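Here the structure comes first, spelled out in structure tokens, and everything after it is commentary.
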Number of protein chains: 2
Amino acid sequence: MASHGTRGRGGGRPTLEEVAARAGVGRGTVSRVINGSPRVSEATRAAVEAAVAELGYVPNTAARALAANRTDAIALVVPEPETRFFAEPYFSDMLRGVGAELSDTEMQLLLIFAGSDRERQRLAQYLAAHRVDGVLLVSVHADDPLPDLLAQLEIPAVISGPRSAAETLTSVDSDNYGGGRSAVEHLLSRGRRRIAHITGRLDVYGAQRRVAGYRDALRDAGHEVDELLIESGDFTEEGGRRAMTELLARRPDLDAVFAGSDVTAAGARQVLREAGRRIPDDVALVGFDDSAIARHMDPPLTSVRQPIEEMGRAMIDLLLAEIADRRPAASRGLERRHLVLPAELVARTSS
Amino acid sequence: MASHGTRGRGGGRPTLEEVAARAGVGRGTVSRVINGSPRVSEATRAAVEAAVAELGYVPNTAARALAANRTDAIALVVPEPETRFFAEPYFSDMLRGVGAELSDTEMQLLLIFAGSDRERQRLAQYLAAHRVDGVLLVSVHADDPLPDLLAQLEIPAVISGPRSAAETLTSVDSDNYGGGRSAVEHLLSRGRRRIAHITGRLDVYGAQRRVAGYRDALRDAGHEVDELLIESGDFTEEGGRRAMTELLARRPDLDAVFAGSDVTAAGARQVLREAGRRIPDDVALVGFDDSAIARHMDPPLTSVRQPIEEMGRAMIDLLLAEIADRRPAASRGLERRHLVLPAELVARTSS
DNA sequence: ATCACTTGTGGGAGCGCTCCCACAGTACCT
DNA sequence: AGGTACTGTGGGAGCGCTCCCACAAGTGAT
């Protein structure tokens with residue numbers, strides 16, 4: 001189809017100027033049409049659109065970025081080492097949501113890894129140079145300096161998994177508290193009474209919320225919380241094994257375990273098996289994340305599903321809104337928004 | 001006026017010009033230093049570098065892209081719907097490799113989803129506008145028009161998982177043939193003789209190679225290939241169940257199954273259990289991918305591990321080389337390169 | 001001394017846009 | 001009639017770089 005005149009050498013795509021000439025209008029007018037300005041007559045707009053179509057014109061992003069001082073790009077920052085243990089489906093599901101929501105826009109998505117010190121260095125330069133219009137932050141640690149850097153540079157940012165209840169950045173999260181509650185309520189409704197909890201890493205806010213949900217569900221049902229039934233894990237399989245061994249030694253009569261993640265549950269399961277406990281007959285088991293592991297475990301693991309894809313979509317929505325709002329410097333004091341999406345229990349045969 | 005740049009309101013990062021003034025040299029010289037040209041005296045270079053450090057200068061990518069007609073960006077194109085079933089760890093592992101290799105360079109990584117028709121439309125425009133210097137293609141179907149579009153536009157590209165033996169694009173692959181062989185050789189060495197194979201989707205080249213490895217391993221060991229022991233699957237769990245049921249009906253005396261993926265193996269395992277076959281006592285089971293599912297299956301699944309992270313690194317290496325080589329239009333006929341990295345059997349208790 | 005190089009350097013001319021000012025044309029008041 | 005207010009429109013002036021030509025200064029052969 002590109003068999004037409006070989007004008008400019010070296011990939012010569014048509015420019016605004018050429019479109020303008022073709023449509024018999026000025027450069028400014030074409031720019032207005034491209035950017036959807038209302039101050040263009042219907043007839044002119046049609047003529048320009050025809051010329052655009054005929055020439056197959058596509059705006060040059062670099063030129064636009066340079067002239068307009070915006071980039072039409074957002075960055076998804078991935079703290080690399082985390083990726084591995086922070087749940088297998090998490091990352092790709094979130095990406096799916098992000099991608100879906102972004103496909104309606106002109107925005108492009110940059111993936112930036114911030115694992116090594118060198119990478120973090122580069123990232124800081126990147127942000128300082130304002131090479132993106134906004135930033136998406138995933139699974140950031142409580143002591144990470146990144147969010148503050150972002151705030152200081154006044155770069156719009158949304159974080160998934162707030163660092164604390166006092167998160168300063170706009171955030172999106174799943175209802176870890178509610179998820180913890182429903183796991184316990186489910187076990188109670190199945191007649192379990194001595195329900196243990198293997199927590200996630202307690203420096204992760206979401207893990208704290210799950211514990212809170214666990215405690216409140218027990219209390220609200222009129223049960224005392226037995227501290228000996230709570231043991232901290234770290235989201236890993238090994239941590240699950242360790243914690244389960246501990247719990248079994250302390251409270252051999254426990255009849256259910258709510259694990260802070262599916263991987264943790266897998267570790268706990270091993271120890272339970274080796275101790276001769278049958279699942280779910282002797283001990284019921286519930287995980288968190290509803291990952292592939294949960295579906296394929298034997299027996300299939302009851303787990304709490306987080307709406308990760310939706311969280312990805314929501315992050316983009318909030319970020320784009322923030323980018324759009326940033327223009328009028330007058331409208332300072334946008335109230336920070338904290339979105340919490342419901343988590344849902346998926347019952348399987350392990351409980 | 002003080003140091004306040006009345007100029008561009010907003011970011012106001014230092015420019016080349018300002019660095020030049022500070023270092024007492026011309027714009028061109030600073031540009032040469034920044035871009036590592038050898039034609040700069042040691043003294044001048046030092047002065048410029050000092051000025052850069054003092055001002056915290058970071059080049060403006062947009063301006064550079066516009067002036068130099070390159071983007072310093074590469075795109076990773078993800079055929080969205082595939083992502084889900086094309087193995088959980090696959091995507092994030094590959095990303096890890098890509099990210100690691102990219103962190104040595106100035107290149108930035110763009111993630112582009114090409115699932116829906118609208119997204120593919122956008123992608124085509126993107127490429128036509130030469131908004132990236134090169135493209136990484138993952139798990140592309142045999143009939144996908146994308147690779148041809150890329151070739152036509154003369155955009156450097158590397159594909160992971162070649163579409164056929166006659167792949168025209170530079171490709172990186174794991175040794176599916178060798179992986180298939182070692183799975184079968186492993187089973188033979190364990191004394192198994194009636195080894196079935198549930199294939200992957202046979203329109204995927206890698207799946208074909210695995211079948212070829214399966215056949216050759218049997219033949220080379222002096223065994224006849226029994227066509228009734230081969231049943232095609234589609235990488236899914238449901239496909240695994242269907243195929244296993246079929247195989248069990250045809251050859252109830254089979255004593256081993258080599259599945260085209262871990263998920264397929266999970267499906268097969270269910271059917272075997274329901275049929276009262278013990279694993280590995282009655283039937284040995286081997287999967288492919290070495291995913292989380294394999295590690296957590298009961299019993300843990302022997303599987304073939306692909307060096308996915310390394311594949312990611314290799315893709316970047318090849319792509320960057322191709323981008324660098326593209327300059328001299330004279331050097332047409334770069335021999336297309338096809339890199340195959342070894343796959344490794346990870347023995348667990350299912351075999 | 002002249003010439004022919006080489007090496008280092010400065011700065012003009014764009015790259016393709018957006019922003020914004022100027023201004024023609026029309027409409028509706030006084 | 002003049003004034004005031006729009007609405008559309010054209011095009012100049014950059015945005016911050018890279019490319020490349022011009023040229024000063026140094027080197028060595030003639």
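Residue numbers start from 1 in every chain, and the chains themselves are labelled A, B, ... in the order their sequence lines are given, proteins ahead of strands. All figures in this text were calculated on a predicted structure; none of them were measured in a lab.
Side-chain proximity of A:Arg27 to C:dT9, D:dC17, D:dA13: nearest is D:dA13. Among C:dG14, C:dC17, D:dT9, the nucleotide with an atom closest to any side-chain atom of B:Ala67 is C:dG14. Of the candidates D:dG10, C:dC17, D:dT9, D:dG10 carries the atom nearest the A:Val25 side chain, counting heavy atoms from C-beta on. Picking from C:dG10, C:dC17, D:dC17 the nucleotide with the shortest atom distance to the side chain of B:Thr15 gives D:dC17.
Rounded to whole Å, the distance from CG on B:Asn60 to C1' on D:dC17 is 7 Å. Between the CG atom of A:Leu16 and the C1' atom of D:dG10 there is a distance of 13 Å, given to the nearest Å. Look at CG on A:Asn69: it is 11 Å from C1' on D:dG16, rounded to the nearest Å. Taking atom CG of residue B:Asp72 and atom P of nucleotide C:dC15, one finds them 20 Å apart after rounding to whole Å. A straight line from CZ of B:Arg32 to P of D:dT18 spans 11 Å, rounded to a whole angstrom. Between the CG atom of B:Leu66 and the C1' atom of D:dC15 there is a distance of 9 Å, rounded to whole Å. The CZ-P distance, from A:Arg13 to C:dC15, rounds to 17 Å in whole Å. Counting to the nearest Å, the P atom of D:dC20 and the CG atom of B:Asn35 are 13 Å from each other.
Across the interface with DNA chain C, nearest-nucleotide mapping of A:Ala68 and B:Val40 shows B:Val40 to be the residue nearer the 5′ end. A residue-by-residue look at A:Ala62 and B:Ser41 shows that B:Ser41 has its nearest nucleotide of DNA chain C further toward the 5' end.
Checking A:Asp148, A:Val135, A:Val158, A:Leu137 one by one against A:Leu169, the side-chain contact (heavy atoms from CB on, under 4.5 Å) holds for a single residue, A:Leu137. Shown are B:Glu101, B:Glu309, B:Glu310; of these, the salt bridge (charged side-chain N to carboxylate O under 4.0 Å, His left out) with B:Arg96 is made only by B:Glu309.
A salt bridge links B:Arg120 and B:Asp144; the closest N-O separation between the charged side-chain nitrogens and carboxylate oxygens is under 4.0 Å. Using a 4.0 Å cut-off between a side-chain N of Lys or Arg and a carboxylate O of Asp or Glu, A:Arg313 and A:Asp104 do not qualify as a salt bridge.
OP1 or OP2 of D:dT18 lies within a sub-4.0 Å distance of a side-chain N or O belonging to B:Ser31. Phosphate contact (OP1/OP2 of C:dT9, side-chain N/O of B:Thr29, threshold under 4.0 Å): absent.
Taking CG of A:Leu55 as the start and CD of A:Glu18 as the end, the distance is 7.0 Å to the nearest 0.5 Å.
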Could you walk me through whether B:Ile316 and B:Leu136 pass the side-chain contact (heavy atoms from CB on, under 4.5 Å) test, one step at a time? CA-CA 8 Å; B:Ile316 293 292; B:Leu136 251 33; 3.7 Å; yes

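Among the heavy atoms of the strands lying under 4.0 Å from A:Thr44 are primed sugar atoms or P, OP1, OP2 only; no base atom is included.
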Sub-3.5 Å pairs of nitrogen or oxygen atoms, protein against nucleotides 4-7 of chain C:
none

